[in-house]
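Whatever order the structure lists ligands and atoms in, that order sets their numbers, starting from 1.
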Amino acid sequence: MPTPHPHKVIYDTDPGVDDAMALYFALAHPAIDVLGITTTFGNVTVEQAAINALYLTSIAGKNVPVTQGVATPWCKPAEAPPAHIHGADGLGNLPVRLPSKAQLDPRSSAQFIVDMACAQPGEITLVAVGPLGNLSLALKLEPKLPQLLRQVILMGGTILESGNVSPVAEANVWNDPHAADQVFTAGWKLTMVGLDVTHRVILPVALFKKIAAQHQHVATDTLLHAVEFYAQHYSGLYPHVAEIHGCFAHDLLAFIFLVNPELFTLEHGRIRVATEGLAQGQTIMKRKDFIDYPHAGWGQEQPVTQVCMQVQAQACNAVLENTLMGSWLK
Ligand code: BDR
Ligand code: CA
């Protein structure tokens with residue numbers, strides 16, 4: 001039975017393997033209605049991100065608008081995409097792709113976000129799982145955006161867990177720290193799903209094999225291929241991940257937070273992003289709000305972010321399995 005009031009979502013993404021699993025989770029979940037996919041550079045170029053979003057939706061038989069967004073960070077020079085993690089094509093170097101006639105929505109990602117938020121004020125959740133340039137540009141186009149969106153849930157940053165691109169920085173924030181600082185200080189209802197929780201949830205390749213066997217469908221075969229590539233990277237890096245032969249759940253957890261927030265333990269604090277120097281990309285949280293620091297940038301005028309600090313990992317695995325094993329593909 002369809003859920004009477006599903007969460008209306010715009011998915012801002014740089015697909016990317018974990019972005020692809022998160023997308024299929026969102027498309028499969030009865031309580032999520034994906035209104036559009038806005039792409040950005042990150043795991044791949046923005047052109048490839050848009051191609052991947054169109055391809056993933058089209059092979060799954062889903063007709064969702066896809067836009068192309070920002071191609072580079074705001075201030076720092078662009079870096080080469082991490083082909084060793086996601087594959088040169090972002091989907092684990094697919095050996096073949098089916099032909100697809102799917103076309104991009106001609107608007108920029110930022111314009112699409114603004115148009116949708118203005119058309120349905122207070123109704124849309126923005127789930128952002130890549131570098132945050134599209135949100136930052138959308139804020140410039142429409143400064144009232146924080147009041148027009150229901151909430152923003154982002155995968156990015158880290159508070160206590162070590163970073164994944166430097167000892168203190170997580171990749172999405174690192175890739176555009178200036179945009180990220182704007183997002184953390186914009187004043188929307190904001191939830192951060194960072195490495196503190198995404199490094200606790202390991203998804204075994206065996207689960208994606210089971211899902212592919214269940215559906216016998218090009219979409220789940222494509223996902224399995226991509227996850228196998230991705231898991232090789234993580235299993236090579238972390239012995240405890242190799243034991244399970246799996247990968248971190250990263251972007252998926254932003255959607256699991258949307259539908260099952262009770263699986264997460266939260267902390268609240270004001271977050272700023274270091275934009276320069278050795279700590280570039282660090283998400284710094286003011287954890288003792290009773291202290292009135294003498295330096296600018298930490299006052300009560302800075303908005304508060306709710307941050308996921310702990311997660312029930314096994315339950316997340318089960319939510320993923322139940323959702324993707326259901327009948328969501330034609
Ligand atoms: C984040 O960086 C990207 O590589 C992943 O898709 C995820 O969004 C994890 O740090
Ligand atoms: Ca991503």
Side-chain angles (χ1 to χ4, degrees), residues 9-26 37-46 48-53 56 66 69-70 73 78-92 109 126-135 152-177 179-180 183 191-203 223 226-227 229-234 237-238 241 246-258 273 280-283 307-308 311:
V9 166
I10 295 175
Y11 181 41
D12 190 62
T13 175
D14 58 336
V17 179
D18 55 320
D19 306 70
M21 73 173 79
L23 172 63
Y24 280 173
F25 176 84
I37 302 171
T38 55
T39 59
T40 171
F41 81 95
N43 294 324
V44 284
T45 64
V46 70
Q48 187 65 41
I51 289 169
N52 289 349
L56 290 164
V66 175
V70 300
E79 291 176 1
H84 62 295
I85 304 177
H86 294 268
D89 70 345
L91 297 175
S109 292
L126 206 144
V127 175
V129 300
L132 293 161
N134 288 335
L135 275 70
V152 174
I153 302 172
L154 65 86
M155 189 282 133
T158 187
I159 302 300
L160 300 178
E161 174 74 356
S162 283
N164 58 2
V165 285
S166 86
V168 293
E170 179 281 330
N172 289 336
V173 175
W174 167 269
N175 273 329
D176 198 340
V183 167
T191 304
M192 173 178 137
V193 182
L195 301 182
D196 300 287
V197 288
T198 71
H199 275 183
R200 301 288 162 271
V201 183
I202 302 166
L203 307 170
L223 184 61
V227 167
F229 185 94
Y230 193 55
Q232 250 178 0
H233 167 75
Y234 280 116
L237 205 54
Y238 296 94
V241 179
C247 56
F248 294 132
H250 290 320
D251 296 347
L252 170 73
L253 290 197
F255 279 115
I256 296 199
F257 177 80
L258 175 68
V273 177
Q280 184 184 131
Q282 182 174 13
T283 37
V307 182
C308 296
V311 60

Going by side-chain hydrogen bond (donor to acceptor under 3.5 Å, both in side chains), name the residues that satisfy it together with Thr40, two or more places apart in sequence or in a different chain. none
Does [X] use its side chain to pair, donor to acceptor, with the backbone of [Y] at less than 3.5 Å?
| X | Y | answer |
| --- | --- | --- |
| Asn134 | Thr39 | yes |
| Asp176 | Leu132 | no |
| Asn172 | Val129 | yes |
| Asp18 | His250 | no |

Could you count the protein N, O or S atoms found under 3.0 Å away from the Ca ion (ligand 2)? 5
According to the salt bridge (Lys or Arg N to Asp or Glu O under 4.0 Å) rule, which pairs have a member within residues 160-172, sequence neighbours left out? Glu161-Arg200
Between His86 and His233, is the ring centre distance below 6.0 Å? no
Residues in the immediate environment of ligand 1 (any heavy atom closer than 4.0 angstrom):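 Contacting ligand 1 under 4.0 Å are Asp18, Asp19, Asn43, His86, Val129, Met155, Asn164, Glu170, Ala171, Asn172, His250, Asp251.
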I'd like to know if the side chain of Asn43 pairs up with that of Asp19 as donor and acceptor (distance under 3.5 Å, no hydrogens or angles considered).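 A pair is found: one side chain offers a donor N or O, the other an acceptor, under 3.5 Å apart.
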Classify the ring geometry between Tyr238 and Phe248 as parallel (under 30°), tilted (30 to 60°) or perpendicular (over 60°).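 Correct class here is perpendicular.
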